[in-house]
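Per chain, numbering begins at 1; letters A, B, ... match sequence-line order.
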Amino acid sequence: MISGAEIVIRCLQEEKVDYVFGYPGGSVLHIYDALFKQEDVKHILVRHEQAAVHAADAYSRSSQKVGVALVTSGPGVTNTVTGIATAYMDSIPMVVLCGQVPTQYIGQDAFQECDTVGITRPCVKHNFLVKDVKDLALTIKKAFHIASTGRPGPVVVDIPKDITAQVCEFDYPKSVQMRSYNPVVKGHLGQIKKAVQILQEAKRPIIYTGGGVILSDAAEKLTTLARKLNFPVTNTLMGLGGYPATDKQFVGMLGMHGTFEANNAMHFADVILAIGARFDDRVIGNPEHFGEEKRRVIHIDIDPSSISKRVKVDVPIVGNVNDVLDEILKLIDGGFTADSEVADWWKQIDEWRGRNSLAYRQSEHIMPQYVVEKLYEVTGGDAFVTSDVGQHQMFAAQYYKFDKPRRWINSGGLGTMGVGLPYGMGVLLANPGSQVACVTGEGSIQMCIQELSTCKQYELPIKIINLNNGMLGMVRQWQEMFYSKRYSQSYVTSLPDFVKLAESYGHVGMRIERPEDVEPALRKAFTEYKDRLVFMDFIIDPGANVFPMVAAGKGLTEMILAEDI
Amino acid sequence: MRHIISILIENEAGALSRVAGLFSARGYNIESLTVAPTEDPSLSRMTILTWGSDEVLEQITKQLNKLVDVVKVVDLSEAAHVERELMLIKVRATGKDREEMKRMADIFRGRIIDVTESTYVIELTGASSKLDSFIAALDAGLILETVRTGVCGIGRGDRILKV
Ligand SMILES: Cc1ncc(C[n+]2csc(CCOP(=O)(O)OP(=O)(O)O)c2C)c(N)n1
Ligand SMILES: [Mg+2]
């Protein structure tokens, strides 16, 4: 017989969890005590519970394993909500273990009590309150199972303190059967055949892929398929790296800040093969405008509710992307003849490409795009890049050409400022020894800046690329363009001296103010200071804006280009 | 269009709020919702009366199916089914109204299940429209209180919702 607290740890060991990100407190003291007595599961002590969840989230994004966070009841839990919602929006498998007040106190407004199950319900895939120590192991097993299967997502397990003190036999089930939860894996063969038929008839095809390709580890299969078809490929923000960005079939990211060629190709395609993507508002712009073109849509997704939600789909294929692509590849193995008109389509696409929509103006100041281009060069295109939210995020997405999946780590769905630094921690712990850059802004970085301390404690040599425009740049861009330059609250005044700040945490700080210093600074950071966290404060041209841009309510083809300004 | 959604759901604490939360979070309508355990006490059956376009209904069923606790979902109104609602209505029953109330209850096949010197409680079961008509047929001034269960329904014949 072992205690509930020991059961928690044993479950984590059974799940081969190597890192737990957390923060202790009263209701999880038994669990922390059990953690203390073993070495398999290592604990990373963050400086704010939000960061614990972000780090666990990025640990998962960059490794495909389930991320795990552990927090105390009440404020510990409420601090995790942003992190949980962030993971939920991007379908990231994660288990969050929360302490709760003892069972007999629940509902009495006890010290550090909150309705964890109630507060997190709308932003989790599922959550549990454990009411009996005998259910604890099975519940944790279910949590891992639910988090990692079907459309993945975060699962919260709320564990009252008394349960962690009670004892019972430990028996970790090898597998779980739940009559209410049986996600589909294989796609419907009839539908898949129909899809292949349509692909053969396509004259202006496009393959449009999202985070689902990354989550189901289908990047390689997607590449094989796309090459066999010789169709253009575009990725969503979440899908970057799902198809090699340096490949000639890649037309770039699409959507609000997508390339001219990607958005036009998407809009004018007569057949869209959508894979693990959900046609969200940042991707297709105004749905009415998007609906003006007649086209046939094939949509592969594990979540039936993502299909025909915003765009009517002709051939829905519900299943795991990886398995479905397998089936498609089998079907076209004998050879695939595309319609002869596809050649003309490529000519059209090349013409759009000729607009060079990612060209940006030169300046005596450092241009943020240039920093990302140099970062790409210096890291050989092989770094993990985490990002925050704002202009810097879009620049990173546009100018760092991701050839591999799980390298681009950002909050796409919820758009959470503050994720970048804790994301870097999770990535480094999942991929020790790799190059990790956090492309951020002076606004975002301050939302989880306290984690510089965690990075010191665990020696996490993240390279922070702070694209410092002294402004909430993305907000400023909208105000410049749509609010007659009334810059309401978009200046970040009283900024800290980031160099000194980094140094005070025991890291290396650099300020880079001239374009010619960009590359040397980056090189230094990635070679001389390879093993140190380096905070690079790039003072950039404050007027730089992100283009192309599809303004809110506009259609995909109604882009504003840099050359229009 | 009006739809009756039947749901088999694990009889767990919080199951109801998952369903109710889903409807409010996604802006779906709920006209009525009833829930009680089935003959298998580990399962509850929920009936939701809602309305919306075909696209909305498709989303509602898909989203419900996505809830981990939900075992099965059917749109009863897609095929032959029967539906019933129960109403208890307390009316003033004095003087000449007393006889009239009794007569109305009989016409609608209601039963008087509580009697005082001045009031009756009438129990009425039927399609929601029948309950509506009963209310409409009474003198509004005489209605003291009404309570309705909301619709519950079941498929006809071989249409069976079971695990
Ligand atoms: C937590 C949070 N609050 C507010 C926003 C809205 N928002 C989006 S971008 C942005 C500005 C970000 O500024 P900065 O980090 O300096 O990046 P920049 O756009 O200047 O590159 C804001 C406030 C958000 N995405 N997340
Ligand atoms: Mg900024």
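When the side-chain contact (heavy atoms from CB on, under 4.5 Å) test is applied to I119(A), the partners found at least two apart in sequence or on another chain are T78(A), V81(A), C114(A). Residues satisfying the salt bridge (charged side-chain N to carboxylate O under 4.0 Å, His left out) criterion with K65(A), sequence neighbours excluded, are D18(A). With sequence neighbours excluded, the residues forming a side-chain contact (heavy atoms from CB on, under 4.5 Å) with A137(A) are I7(A), C11(A), F170(A), Y172(A), listed by chain and number.
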At a 3.5 Å cut-off, give me the donor-acceptor pairs between chain A and chain B, one pair per line with the distance.
from    : atom 1 : to     : atom 2 : distance (Å)
R121(A) : NH1    : S17(B) : OG     : 3.4
R121(A) : NH2    : S17(B) : OG     : 3.1
N127(A) : O      : R18(B) : NH2    : 3.0
N127(A) : OD1    : R18(B) : NH1    : 2.9
N127(A) : OD1    : R18(B) : NH2    : 3.0
R179(A) : NE     : E10(B) : OE2    : 2.8
R179(A) : NH2    : E10(B) : OE1    : 2.9
R179(A) : NH2    : S42(B) : OG     : 2.8
S180(A) : OG     : V68(B) : O      : 2.6
D303(A) : OD2    : K66(B) : NZ     : 2.8
P304(A) : O      : K62(B) : NZ     : 2.9
S305(A) : O      : Q59(B) : NE2    : 2.8
S305(A) : OG     : Q63(B) : NE2    : 3.4
S305(A) : OG     : K66(B) : NZ     : 3.2
I307(A) : O      : K62(B) : NZ     : 2.8

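Looking at L129(A), there are no atoms closer than 4.5 Å to chain B (heavy atoms on both sides), in backbone or side chain. Of the two parts of P122(A), neither the backbone nor the side chain holds a non-hydrogen atom closer than 4.5 Å to a non-hydrogen atom of chain B. Of the two parts of V68(B), the backbone and the side chain both hold a non-hydrogen atom closer than 4.5 Å to a non-hydrogen atom of chain A.
When the shell of 6.0 Å around OH of Y105(A) is examined, it contains 12 or fewer heavy atoms from other residues, nucleotides or ligands. Counted within 6.0 Å of CD1 on I30(B), heavy atoms from surrounding residues, nucleotides or ligands total more than 12; the atom is thus considered enclosed.
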